[in-house]
Amino acid sequence: MDDLRRRTSCSRRQMMARLTGSALGLAAVGMLAPLRAAEEAISKRPPMITPETEKAVEKANTFLAQTQSKDGSWRARSGYGTYPTAMTALAGLGLMAGGNTPVEGKYSLNVRRAVDFIVLQGEKNASTGLIASPNEEMRPMYGHGFSMLFLGEAYGMERDPDRQEKIRKVLDKAVTLTGKSQSGPGGWLYTPDSGGDEGSVTVTQIQGLRSIRNAGIKVPKEIIDKACKYIENSANPDGGIRYRAGQGGASRPPITAAAVAVMYNAGKYENPVAEKSLDYLKKLIKGGGAANVFGGHNFYATLYCAQAMYLSSDENWKAYFPAVRDHLIRSQGQDGSWMGDGVGETYGSAIALIVLQLPYGHLPILQR
């Protein structure tokens, strides 16, 4: 009997030792898991993306998710108007820049609802092909261009064949509308029937068309070539781009930044005008003032200047990004937003997200 008790007691001690060892092992694993997760996050973090950058991005994502309307849209809150298609397209691009798609990511539902809203605007105007909410947009070609860009990027990420087909139909009609609206010199103005042109609208059409073409949807090459020629004809001797081709005027730094970005989108990296315009920008932002050299159109210009620097070379990007990154982090509101150029928090937050997340390379149009 004593022998049995000794064996039982020994077995219990052995069992407790094994259980204790397992518990310690599990505890050790539990303690190591956060460390491994942190190491993995750091290993996936692109150069110059800091923990502070990630926090700012997440706050901005949360802001956009919380301010999206039930119909999937965002609207500007300023004296410029509400511009729902332009704001929704830009906000959707800001979320997609972080790897969110219509089917994947923490904010995938927000992206999907944004896609549905933009597609619906195109379907409502199927007879013309204009992607816009005409009652709310006095200058609908801005929203049309941004919407082409957004849907072009989303098209290849969509997995549902029926939804993808709906996007394709809207984009086919949008391309037709843009082609018909192109002016004789090759640009576009604020409305599709204006017959005029100027630089800021023209760059939205070029970038939208390139996104669609990159997605595998037919876009006549001559439309893009003619538009790029318009940019070339808008160049001043100092390398800057003026407001409109065919007339004089001072160089406009914001339009110059946009022109360089879209020329690169069109594959014209060695174009003499693009190269000279890039040099103009580099001189302008030299000395660390990259965040404050564009005046009242700072967010608009930063959206494109960042693209130009990122796409041009790693050297240019390294010289440019830290100052802009730190400026954006410092100027972010408590609610996670940025007021952009007086247009509104949606506009500013969307642009900041696109700029801060460029190094992740999630948007096909902005990949090196």
Side-chain angles (χ1 to χ4, degrees), residues 85-86 88-90 92-93 96 115 118-119 121-122 125-126 128-132 139-158 164 167-234 241 245 255 257-269 271 273-274 300 303-304 307-308 311 354 363-367:
T85 54
T88 303
L90 285 170
L93 287 165
M96 287 171 64
V115 169
I118 297 293
V119 167
Q121 306 319 300
N125 300 296
T128 65
L130 181 67
I131 307 176
R139 297 177 172 182
M141 288 303 284
Y142 282 118
H144 182 79
F146 288 132
S147 293
M148 288 196 298
L149 172 59
F150 174 52
L151 292 184
E153 299 299 281
Y155 178 76
M157 301 175 184
E158 180 58 63
Q164 195 174 51
I167 295 173
R168 187 193 62 77
K169 287 182 178 179
V170 168
L171 289 178
D172 279 340
K173 292 182 180 296
V175 170
T176 300
L177 181 279
T178 295
K180 289 180 178 178
S181 303
Q182 191 171 28
S183 71
W188 289 268
L189 199 54
Y190 309 122
T191 59
D193 56 355
S194 68
D197 48 68
E198 61 87 51
S200 67
V201 179
T202 298
V203 297
T204 65
Q205 306 308 302
I206 297 174
Q207 197 167 50
L209 291 171
R210 280 301 310 191
S211 175
I212 295 170
R213 195 162 191 255
N214 291 347
I217 297 174
K218 185 178 179 181
V219 174
K221 184 174 180 293
E222 57 268 22
I223 298 177
I224 297 176
D225 288 344
K226 188 176 179 181
C228 288
K229 193 66 178 176
Y230 179 89
I231 297 295
E232 293 177 15
N233 291 336
S234 303
I241 304 297
I255 294 180
V260 175
V262 299
M263 291 287 271
Y264 286 166
N265 293 151
K268 298 184 181 296
Y269 287 92
N271 180 282
V273 170
Y300 171 89
L303 170 64
Y304 292 110
Q307 294 176 41
L311 294 172
I354 294 170
L363 292 173
I365 190 81
L366 301 180
Q367 291 174 354

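Reckoned from all heavy atoms, side chains included, excluding hydrogens, waters and symmetry mates.
A distance of 7.5 Å separates CG of Leu149 from CG of Leu363, quoted to the nearest 0.5 Å. Atom OG1 of Thr178 sits about 3.5 Å away from atom CE of Met148, to the nearest 0.5 Å. In this structure, CD on Gln307 lies 7.0 Å from CD1 on Ile354, to the nearest 0.5 angstrom. Atom OH of Tyr304 is separated from atom CD1 of Ile255 by 10.5 Å, given to the nearest 0.5 angstrom. The distance from atom NZ of Lys226 to atom CD of Gln182, rounded to the nearest 0.5 Å, is 5.0 Å. Here the OH atom belonging to Tyr155 is positioned 4.5 Å from the CD1 atom belonging to Ile217, to the nearest 0.5 angstrom.
Side-chain contact between Thr202 and Trp188: present, with at least one pair of heavy atoms (C-beta onward) separated by less than 4.5 Å. Annotation: side chain of Pro140 is in contact with side chain of Leu130 (closest heavy-atom distance under 4.5 Å). At a threshold of 4.5 Å between non-hydrogen side-chain atoms, the residues Glu158 and Leu151 do not count as touching. You'll find the side chain of Val273 reaches within 4.5 Å of the side chain of Ile241, heavy atoms only. Considering only heavy atoms from C-beta on, Arg210 comes within 4.5 Å of Ile365 through its side chain.
Here the closest heavy-atom approach between residue His144 and residue Ala174 is recorded as NE2-O, 3.3 Å. Scanning all heavy atoms of the two residues, the minimum distance from Glu232 to Asn271 falls at OE2-ND2, 2.8 Å. Taking all atoms of both residues into account, the shortest heavy-atom contact from Met263 to Ala274 is CB-CB, 4.1 Å. The shortest heavy-atom contact between Cys228 and Ile206 is N-CD1, 4.3 Å. Between Ile212 and Val175, the shortest heavy-atom contact is CD1-CG2, 3.8 Å. Heavy atoms only, all atoms of each residue included: Ser194 and Leu189 are closest at OG-CB, 3.1 Å.
Using a distance-only test at 3.5 Å, with no hydrogens or angles considered, a donor-acceptor pair links the side chain of Ser234 to the main chain of Tyr230. Side-chain N or O atoms of Ser211 include one that pairs as donor or acceptor with a backbone N or O of Glu153 at under 3.5 Å. No donor-acceptor pair under 3.5 Å is formed between the side chain of Thr85 and the backbone N or O of Ala132. No side-chain donor-acceptor contact under 3.5 Å links Asn265 to the backbone of Gln207.
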Audit row: Thr176, Lys180, side-chain contact (heavy atoms from CB on, under 4.5 Å) steps and yes/no: CA-CA 6 Å; Thr176 300; Lys180 289 180 178 178; 3.8 Å; yes
What verdict does the side-chain contact (heavy atoms from CB on, under 4.5 Å) test give for Phe150 and Val115, after you've listed the backbone C-alpha separation in whole Å, the side-chain angles of each residue and the deciding distance to 0.1 Å? CA-CA 8 Å; Phe150 174 52; Val115 169; 3.6 Å; yes
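The pair Lys229-Asp225 does not count as a salt bridge, with every side-chain nitrogen at least 4.0 angstrom from each carboxylate oxygen.
Between Tyr264 and Tyr269, the ring planes are parallel. Angles under 30° get that label, and only those over 60° would be called perpendicular.
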